[in-house]
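Within every chain, numbering begins at 1; the chains are lettered A, B, ... in the order of the sequence lines, protein sequences first and strands thereafter.
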Amino acid sequence: MPLFDYARASTIDEAIALLNDPRWVSRPLAGGTDLLVQVRHTKPNFQRLVDVSRIPAMRSVAREEGEIRIGAAVTYTELVESPLLCEHAACLVEAARLVGGPAIANTGTLGGNVGNGAACADGVPPLVCLDALAHVANSEGMRAVPVADLLLGPHQTALQPGDLITHFTFPLLPAGTRSVFLKIGRRNAQAIARLNVAVAGRLSADGRIEFVRVVPGSALPRLRRFTEVEDMLLGERPSTALFEAAGAAASRVMVAATGRRWSTDYKAIALQALVSRALRRVFRMQESNGTHAH
Amino acid sequence: MRIEFILNGEAVAVEAPPDITLLDLLRDYLNLTGTKEGCAVGECGACAVIKDGRLVNSCMVLAPQAEGCEIVTIEGVHAADGGPNDLQQHFIEYGAVQCGICIPGMIMAGEALLRQNPHPTRAEIRLALAGNLCRCTGYQQIVDAIEATAKGRRAQP
Ligand SMILES: Cc1cc2nc3c(=O)[nH]c(=O)nc-3n(C[C@H](O)[C@H](O)[C@H](O)COP(=O)(O)OP(=O)(O)OC[C@H]3O[C@@H](n4cnc5c(N)ncnc54)[C@H](O)[C@@H]3O)c2cc1C
Ligand code: FES
Ligand code: FES
């Protein structure tokens with residue numbers, strides 16, 4: 001007896017019908033790079049996989065008015081190869097570039113990354129940094145949910161059985177905004193060694209920070225923007241001291257939320273360094289002398 | 001269920017359960033055992049094949065997902081006379097093969113790279129091999145062999 005059955009959807013409507021067929025407990029299958037690892041270790045809690053990796057409407061990247069739309073079944077390789085994203089979503093492209101090896105990047109999808117809900121998912125901080133909405137379809141219709149609200153905690157999402165993320169949208173960042181993504185740690189190492197951060201920012205004409213978003217991943221039980229850190233940066237001029245202080249503040253936010261654990265000493269130092277480095281890169285500070293480079 | 005695809009240039013149709021991986025389909029249902037199983041969880045690259053022109057780990061592809069695709073396995077990589085092709089020959093010459101279990105995946109990763117990028121730098125070769133583990137060679141000779149093949153292919157008319 002096979003452990004589960006397989007069905008391929010060629011349109012979103014077909015996928016929704018298959019996922020909501022009451023005779024089966026079904027789950028979407030995109031690249032399979034999380035699912036096939038899971039079924040190797042644990043008995044599946046579904047009876048059928050619905051393959052959504054070939055639905056054309058879920059595979060494209062496009063600009064629509066002031067928004068970018070990314071199909072949920074777009075792979076990391078396709079993210080990296082998109083000129084539109086290289087221009088408007090540098091942090092997401094950098095995250096995609098750092099995923100796995102080429103074989104994983106050619107298969108794994110952004111929708112699968114969000115759907116899987118891992119705390120260390122590299123696609124998520126960039127999406128939250130871009131203020132992205134996930135567009136979720138089910139038999140009742142469509143709803144748009146901020147990506148941060150979909151993720152309730154490690155491997156817990158707000159997705160219901162029968163839900164399918166069809167695509168993500170985000171508004172274009174204000175002209176002149178730069179964004180970066182940094183990560184440390186190996187995927188397979190203990191969670192202690194995993195941290196990542198997406199940062200976006202822009203300076204005003206007189207050289208003050210007028211726009212900034214700071215989104216560390218794997219730092220809090222529920223991922224969110226660190227507005228405490230953003231608030232202390234807004235209106236200030238970039239300086240090494242400011243960014244060191246911002247990094248330290250990010251660490252304090254993390255420790256306050258998670259409490260002290262065996263991994264805290266390491267993570268607090270690592271997050272501080274990661275956040276201040278990301279800020280220096282976004283605001284193009286030279287690492288050595290701390291001057292602002294144009 | 002019936003799965004039909006193009007395997008090493010030839011149409012195949014195979015009856016197989018829906019819950020197995022492409023790796024198992026190749027090895028157990030099509031008797032192509034050149035593709036190796038190392039970790040079976042996407043980490044080692046021993047099972048790498050080329051699917052519609054892109055490198056994938058066949059242990060991370062569900063067999064029915066091969067439907068209608070073009071799959072190239074290590075058995076599909078050879079010279080016109082069936083012997084080793086230039087990449088495989090360079091692996092031999094540069095001492096890039098020891099126990100051999102990683103080699104089918106390494107060759108597929110090398111072929112996938114050279115199809116997309118005929119002028120790879122050494123850094124690009126290393127990135128292309130980022131998902132392929134080798135416990136024997138230390139990688140240096142493998143990078144050398146791919147680099148030599150790239151040079152050789154560029155020199156051809
Ligand atoms: C060797 C290796 C290295 C990896 N490296 C990284 C890394 O560096 N960074 C990282 O973040 N991840 C990494 N991963 C994890 C994985 O590749 C990513 O999370 C990937 O994005 C998952 O996408 P997928 O399409 O393969 O998901 P699948 O396995 O197909 O699906 C994952 C989950 O999401 C659900 N799902 C899929 N698509 C949708 C959808 N459209 N709507 C709703 N639910 C959906 C599925 O039902 C399932 O629960 C790695 C995995 C491996 C095996
Ligand atoms: S066996 Fe597929 S990656 Fe190791
Ligand atoms: S030659 Fe033995 S693992 Fe690579």
Roughly how far, to the nearest 0.5 Å, is the CG atom of B/Leu22 from the OG1 atom of B/Thr73? 9.5 Å

Quick one: of A/Thr107, A/Val39, A/Leu29, who has the most non-hydrogen atom pairs under 4.5 Å with chain B? A/Leu29

Before accepting this row, confirm whether a basic side-chain N of the pair A/Arg281/A/Glu94 lies closer than 4.0 Å to the acidic partner's carboxylate O. yes

Turns out that what part of A/Arg54 lies under 4.5 Å from chain B's heavy atoms comes down to side chain

So what's closer than 4.5 Å to chain A heavy atoms on B/Ile20: side chain, backbone, both or neither? neither

Relative to chain B, which of A/Ala105, A/Pro44, A/Gly31, A/Pro102 shows the most heavy atom pairs under 4.5 Å? A/Pro102

So, are B/Glu43 and A/Arg40 salt-bridged, with charged N and O less than 4.0 Å apart? no

Check each atom of A/Asp51 against the heavy atoms of chain B and say whether the ones under 4.5 Å are side chain, backbone, both or neither. side chain

Atom pair CG (B/Asn57) and SG (B/Cys47), whose distance is rounded to the nearest 0.5 Å: 4.0 Å

4.5 Å side-chain heavy-atom contact, A/Leu35 and A/Arg27: yes

Turns out that what part of B/Ala63 lies under 4.5 Å from chain A's heavy atoms comes down to neither

Greatest number of non-hydrogen atom pairs under 4.5 angstrom with chain A, of B/Cys59, B/Ala40, B/Ala109, falls to B/Ala40

Taking the side chain as C-beta and beyond, is there a heavy-atom pair between B/Ser58 and B/Thr21 under 4.5 Å? no

Going by an N to O cut-off under 4.0 Å, is there a salt bridge joining A/Asp122 and A/Arg97? no

Let me know if B/Met1 has heavy atoms under 4.5 Å from chain A in its side chain, its backbone, both or neither. side chain

Region of A/Ala7 in contact with chain B, defined by heavy-atom distances below 4.5 Å: neither

